[in-house]
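Take a look at the structure set out below.
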Amino acid sequence: MHRPDKGGNSTRRQTAQTESRGSEMAESITKYGILVAVDGSPESEAAVSWAAREAVMRRLPVTLMHVIAPVEVTWPVTYLQSSFDEWQEENAKQVLEQAQKTFQGSVGGAEVPAVNSVVEHGPIASTLVAASADAWMVVAGNRGMGALGRALLGSVSSGLLHYARGPVAIIPAEAPTPDPAAPVLLGIDGSPAAEGATALAFDEASRRGVELVALHAWSDTRVFPIVGADWQKHQEEGQEVLAERLAGWQEQYPEVRVRRRLVCDQPARWLLDESDQAQLVVVGSRGRGGFKGMLLGSVAAKVAQGAQVPVIVVRDR
């Protein structure tokens with residue numbers, strides 16, 4: 001981990017930090033860069049807009065990917081198969097053209113290394129999951145075409161949250177434009193699995209020039225008052241967890257102001273409440289009770305499903 005020089009010129013120190021972070025980012029640039037799942041839905045358009053701003057901020061290439069799912073027309077209308085296939089190809093072209101327009105409108109006059117359009121054929125969720133191995137981050141709307149009901153994540157976004165390799169950003173279409181001065185919110189549980197989320201949250205806050213709110217709950221479940229419980233001890237232990245998990249990153253990102261929030265239970269509820277004042281939420285994919293190979297923690301799932309601002313769930317590669 002890079003440590004800033006405690007002595008010497010501050011400008012040189014900041015330059016060294018920038019070069020170090022730039023070097024780390026260069027190693028993360030892969031075949032697709034920021035990969036965006038597009039299907040023409042309002043949620044997809046919101047995902048494209050968010051990815052465009054992220055690409056400008058990080059100077060990363062973007063890939064707009066539309067996946068054509070296999071559909072077989074059965075007898076007695078098999079003669080329509082070729083026409084349906086042609087319609088799917090034409091629809092894919094139109095969807096990607098619109099996504100390109102949305103992207104260009106979102107970046108304004110800013111430049112990005114590249115923005116490419118790709119059409120793939122196969123099951124949508126599994127195709128995007130496979131592509132995530134060659135992407136720095138995958139971005140998707142919280143629901144896609146044909147989604148049922150506001151409360152449910154779409155099958156594609158849910159599949160990415162469970163199986164993708166690397167960070168997954170879930171973007172709600174109905175969210176108001178966030179205040180650019182609003183903080184980045186980090187859910188931190190003290191587990192080693194959350195280290196990647198902490199690293200990304202600090203980097204996002206630094207690049208956006210905003211405060212980082214680090215929220216820690218010392219219990220995952222509802223806590224009822226217990227006679228004789230040493231609440232002061234629990235608070236002290238929670239503060240120790242926060243201090244331990246944040247110390248190294250605060251040294252690496254001294255320009256990021258950190259506000260610590262310690263609550264006693266139900267981290268998902270508190271994160272959702274706090275997200276109303278944030279522009280972005282970052283959480284790990286597994287909680288402190290998670291184990292290697294666990295698909296998705298309950299906190300990450302609830303926050304991705306319920307937040308009205310973009311949520312990045314950081315998954316292991």
Side-chain angles (χ1 to χ4, degrees), residues 31-71 82-132 134-150 152-161 164 167-178 279-280 304 308-312:
K31 177 180 177 181
Y32 294 124
I34 297 176
L35 176 65
V36 191
V38 297
D39 62 10
S41 66
E43 288 78 10
S44 167
E45 291 292 284
V48 172
S49 294
W50 187 88
R53 294 188 289 271
E54 189 79 1
V56 170
M57 185 175 67
R58 293 185 173 277
R59 298 181 183 178
L60 284 175
V62 170
T63 300
L64 307 173
M65 181 176 288
H66 179 75
V67 182
I68 297 177
V71 176
S82 61
S83 297
F84 186 75
D85 292 344
E86 290 175 7
W87 176 85
Q88 282 188 306
E89 295 291 344
E90 180 61 27
N91 180 67
K93 179 181 177 182
Q94 293 176 5
V95 165
L96 288 171
E97 285 177 352
Q98 179 57 47
Q100 282 277 1
K101 291 178 182 178
T102 300
F103 183 91
Q104 297 301 333
S106 299
V107 299
E111 294 184 0
V112 295
V115 52
N116 301 306
S117 296
V118 176
V119 176
E120 295 287 350
H121 295 76
I124 299 175
S126 59
T127 299
L128 289 166
V129 166
S132 71
D134 293 316
W136 178 76
M137 173 188 285
V138 182
V139 184
N142 60 344
R143 297 186 306 277
M145 297 294 286
L148 299 175
R150 291 187 47 150
L152 299 177
L153 284 171
S155 59
V156 172
S157 53
S158 180
L160 287 169
L161 286 175
V168 178
I170 302 298
I171 315 300
E174 66 277 9
T177 302
Q279 62 172 290
L280 175 68
Q308 297 301 300
V309 298
V311 176
I312 300 178

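Heads up: numbering here begins at 1 and tracks the sequence.
Here E54 pairs with R58 in a salt bridge; the nearest charged N to carboxylate O distance falls below 4.0 Å.
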Exercise for review: Verify side-chain contact (heavy atoms from CB on, under 4.5 Å) between V36 and T63, making sure each step is shown before the conclusion.
Suggested key: CA-CA 6 Å; V36 191; T63 300; over 6 Å; no

Practice item. Could you go through the side-chain contact (heavy atoms from CB on, under 4.5 Å) check for V309 and Q279 one step at a time? Key: CA-CA 6 Å; V309 298; Q279 62 172 290; over 6 Å; no

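Note: K31 NZ to N116 CG = 11.0 Å, rounded to the nearest 0.5 Å. Distance check: W50 CH2 to I312 CD1 gives 4.0 Å after rounding to the nearest 0.5 Å. Between atom OG of residue S106 and atom CZ of residue R53 there is a gap of 6.0 Å, rounded to the nearest 0.5 Å. Rounded to the nearest 0.5 angstrom, I171 CD1 and S44 OG are separated by 11.0 Å. Interatomic distance, OG of S157 versus CG of L128, reported as 10.5 Å (0.5 Å rounding). One finds the CE atom of M65 at 5.0 Å from the CG atom of L35 (value rounded to the nearest 0.5 Å).
A donor-acceptor contact closer than 3.5 angstrom links the side chains of E89 and H121. Judged by distance alone, the side chains of T102 and E45 do bring a donor and an acceptor atom under 3.5 Å apart. Side-chain polar atoms of Q94 and E90 form a donor-acceptor pair below 3.5 angstrom.
Across L161 and I170, no two heavy atoms sit closer than the pair CD2-CG1, 3.9 Å. Minimum interatomic distance between I124 and V67 (heavy atoms only, all atoms of both residues): CA-CG1, 3.8 Å. Taking both residues in full, the closest heavy atoms of A46 and A173 are given as CB-CA, 3.9 Å, listed atom of the first, atom of the second, then distance. Taking both residues in full, the closest heavy atoms of D39 and V95 are given as C-CG1, 3.7 Å, listed atom of the first, atom of the second, then distance. In plain terms, the two heavy atoms of Y32 and A135 that are nearest each other are CB-CB, 4.1 Å. The heavy-atom pair separating V62 from A55 by the smallest distance is CG2-CB, 3.3 Å.
Within a 6.0 Å radius of CD in E111, other residues, nucleotides and ligands contribute 12 heavy atoms or fewer.
At a threshold of 4.5 Å between non-hydrogen side-chain atoms, the residues V119 and I68 count as touching. Contact annotation: the side chain of P172 never approaches that of E43 to less than 4.5 Å [non-hydrogen atoms, C-beta and beyond].
In terms of modelled atom types and a separation under 3.5 Å, the side chain of S132 and the main chain of A164 share no donor-acceptor contact.
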